[in-house]
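Below: one structure, written as C-alpha cells.
Just so it is clear, the structure is predicted and the values come from calculations on it, not from any experiment.
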Amino acid sequence: MTALAQVFNQPLTENCDIVRHDTILANTRIYAGTLAINDSGVIKIYTAALYAGGAKLLGFPVTNVFNDTGSNVTDSRKFAFRRNCPMIVAPKSGDAPTLSNVGGTVYLKDNFTVGATDSGTDQPVTMLEYISATQIRIKLP
C-alpha cells in the first residue's frame with residue numbers, strides 16, 4: 001500500500017501522549033488517522049525520507065489538518081497528535097510484516113505503511129498484532 005490520502009478512524013485509547021503543533025505547510029492535507037511529522041518547525045505528511053533527514057514524528061491527528069493556501073499557516077487551535085499509543089496501519093507490499101514479527105520491531109515507511117525491514121533510516125515501532133493481510137496494529141513511540 002502507498003501513503004493514505006483519506007481519513008482512517010484509529011482506535012482511541014485513554015493512555016497516550018498528546019503532541020501539539022500549530023504551523024502547517026502550504027498546500028498540505030494530513031488526514032485524521034495518518035502520520036504527520038515536524039520538519040524544521042512545520043507540520044508535514046510523514047515520509048521516511050523526512051524522518052531520515054532529522055524531522056520528528058508528531059503522531060497521528062484525530063482531526064484533519066488541512067492548509068489549502070499557498071503559504072504556511074499558523075493555526076491558533078494547535079493541532080493535537082497522538083503518540084505512545086496503538087495505531088492501525090497497512091503492511092508495505094513486498095516487505096509486509098508477518099505473524100513472526102508480532103512483539104518485535106517493524107518500520108514506518110510512509111504516513112500509513114510499515115515494513116518488516118529497516119532501510120537504515122526508518123522510524124522503528126513495535127508490532128502489537130497481525131490483524132489481516134491489510135492491517136497491522138503497531139505502537140507508536
Quick one: closest heavy-atom pair of [X] and [Y], and the distance?
{"X": "Gly115", "Y": "Pro97", "answer": "C-CG, 4.0 Å"}
{"X": "Thr28", "Y": "Ile24", "answer": "O-CD1, 4.1 Å"}
{"X": "Leu140", "Y": "Phe60", "answer": "CD1-CD2, 3.7 Å"}
{"X": "Pro124", "Y": "Pro141", "answer": "O-CG, 4.2 Å"}
{"X": "Leu128", "Y": "Lys139", "answer": "CD1-CB, 3.8 Å"}

Is there a side-chain contact between [X] and [Y], using heavy atoms and a 4.5 Å cut-off?
{"X": "Ile18", "Y": "Arg83", "value": "no"}
{"X": "Lys109", "Y": "Val114", "value": "no"}
{"X": "His21", "Y": "Val42", "value": "no"}
{"X": "Thr23", "Y": "Thr74", "value": "yes"}
{"X": "Phe81", "Y": "Arg20", "value": "no"}

Cluster link [X] to [Y], ILVMFWY, side chain under 4.5 Å:
{"X": "Leu58", "Y": "Val73", "answer": "yes"}
{"X": "Tyr107", "Y": "Leu99", "answer": "no"}
{"X": "Val89", "Y": "Ile30", "answer": "no"}
{"X": "Val62", "Y": "Phe79", "answer": "no"}
{"X": "Leu50", "Y": "Leu25", "answer": "no"}

Is there a donor-acceptor pair closer than 3.5 Å between any side-chain N or O of Glu129 and the backbone N or O of Arg137?
->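 No, Glu129 side chain to Arg137 backbone: no donor-acceptor pair under 3.5 Å.
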
Verify, without hydrogens or angle tests, whether Gln123 (side chain) and Ala48 (backbone) share a donor-acceptor contact under 3.5 angstrom.
-> no

Return the set of residues passing salt bridge (Lys or Arg N to Asp or Glu O under 4.0 Å) with Asp22 (not counting sequence neighbours), or none when no residue passes.
->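 Applying salt bridge (Lys or Arg N to Asp or Glu O under 4.0 Å) to Asp22 gives none.
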
Approximate separation, where rounding is to 0.5 Å, of [X] [atom1] and [Y] [atom2]:
{"X": "Asn72", "Y": "Ile43", "atom1": "CG", "atom2": "CD1", "answer": "10.0 Å"}
{"X": "Tyr51", "Y": "Asp122", "atom1": "OH", "atom2": "CG", "answer": "9.0 Å"}
{"X": "Leu108", "Y": "Leu57", "atom1": "CG", "atom2": "CG", "answer": "6.5 Å"}

Working for side-chain hydrogen bond (donor to acceptor under 3.5 Å, both in side chains), residues Thr117 and Asp95 = CA-CA 7 Å; Thr117 57; Asp95 187 30; 3.0 Å; yes

Verify whether one side chain among Tyr31 and Gln6 offers a donor that lies under 3.5 Å from an acceptor in the other.
-> no

Verify whether one side chain among Asn38 and Lys44 offers a donor that lies under 3.5 Å from an acceptor in the other.
->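 Their side chains do not contain a donor-acceptor pair, so the 3.5 Å distance test is not met.
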
Would you list the pairs meeting side-chain hydrogen bond (donor to acceptor under 3.5 Å, both in side chains) in which at least one residue belongs to residues 54-64, sequence neighbours left out?
-> none

Stepwise side chain to side chain contact (heavy atoms under 4.5 Å, CB included) test for Met127 and Thr105 | CA-CA 6 Å; Met127 183 170 160; Thr105 303; over 6 Å; no

Would you check if the distance from the ring center of Phe112 to the ring center of Tyr46 is below 6.0 Å?
-> no

Side chain to side chain contact (heavy atoms under 4.5 Å, CB included) between Gln10 and Thr34: does it pass, once the steps are laid out?
-> CA-CA 9 Å; Gln10 293 291 345; Thr34 66; over 6 Å; no

Residues in side-chain contact (heavy atoms from CB on, under 4.5 Å) contact with Thr121, at least two apart in sequence or another chain |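 Partners of Thr121 by the side-chain contact (heavy atoms from CB on, under 4.5 Å) criterion, ordered by chain and then number, come out as Ala52, Ser119.
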
Are more than 12 heavy atoms from other residues, nucleotides or ligands located less than 6.0 Å from atom CG of Asn15?
->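 No.
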
NZ/NE/NH1/NH2 to OD/OE distance under 4.0 Å, Asp17 and Arg82 |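 No, Asp17 and Arg82 are not salt-bridged.
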
Carboxylate-amine/guanidinium contact Lys92 Asp110, below 4.0 Å |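 A salt bridge is absent here (no side-chain N lies under 4.0 Å from a carboxylate O).
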
With sequence neighbours excluded, what pairs up with Thr126 under the side chain to side chain donor-acceptor pair (under 3.5 Å) test?
->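 By the side chain to side chain donor-acceptor pair (under 3.5 Å) rule, Thr126 matches no residue at all.
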
Not counting sequence neighbours, which residues clear side chain to side chain donor-acceptor pair (under 3.5 Å) with Asn67? List them please.
-> Thr69

Quick one: do Ile37 and Ile45 satisfy side chain to side chain contact (heavy atoms under 4.5 Å, CB included)? Show the steps, please.
-> CA-CA 6 Å; Ile37 203 158; Ile45 297 169; over 6 Å; no

Residues forming a ring-ring contact (aromatic ring centres under 6.0 Å, His included) with Tyr130, sequence neighbours excluded |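 Here no residue qualifies.
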
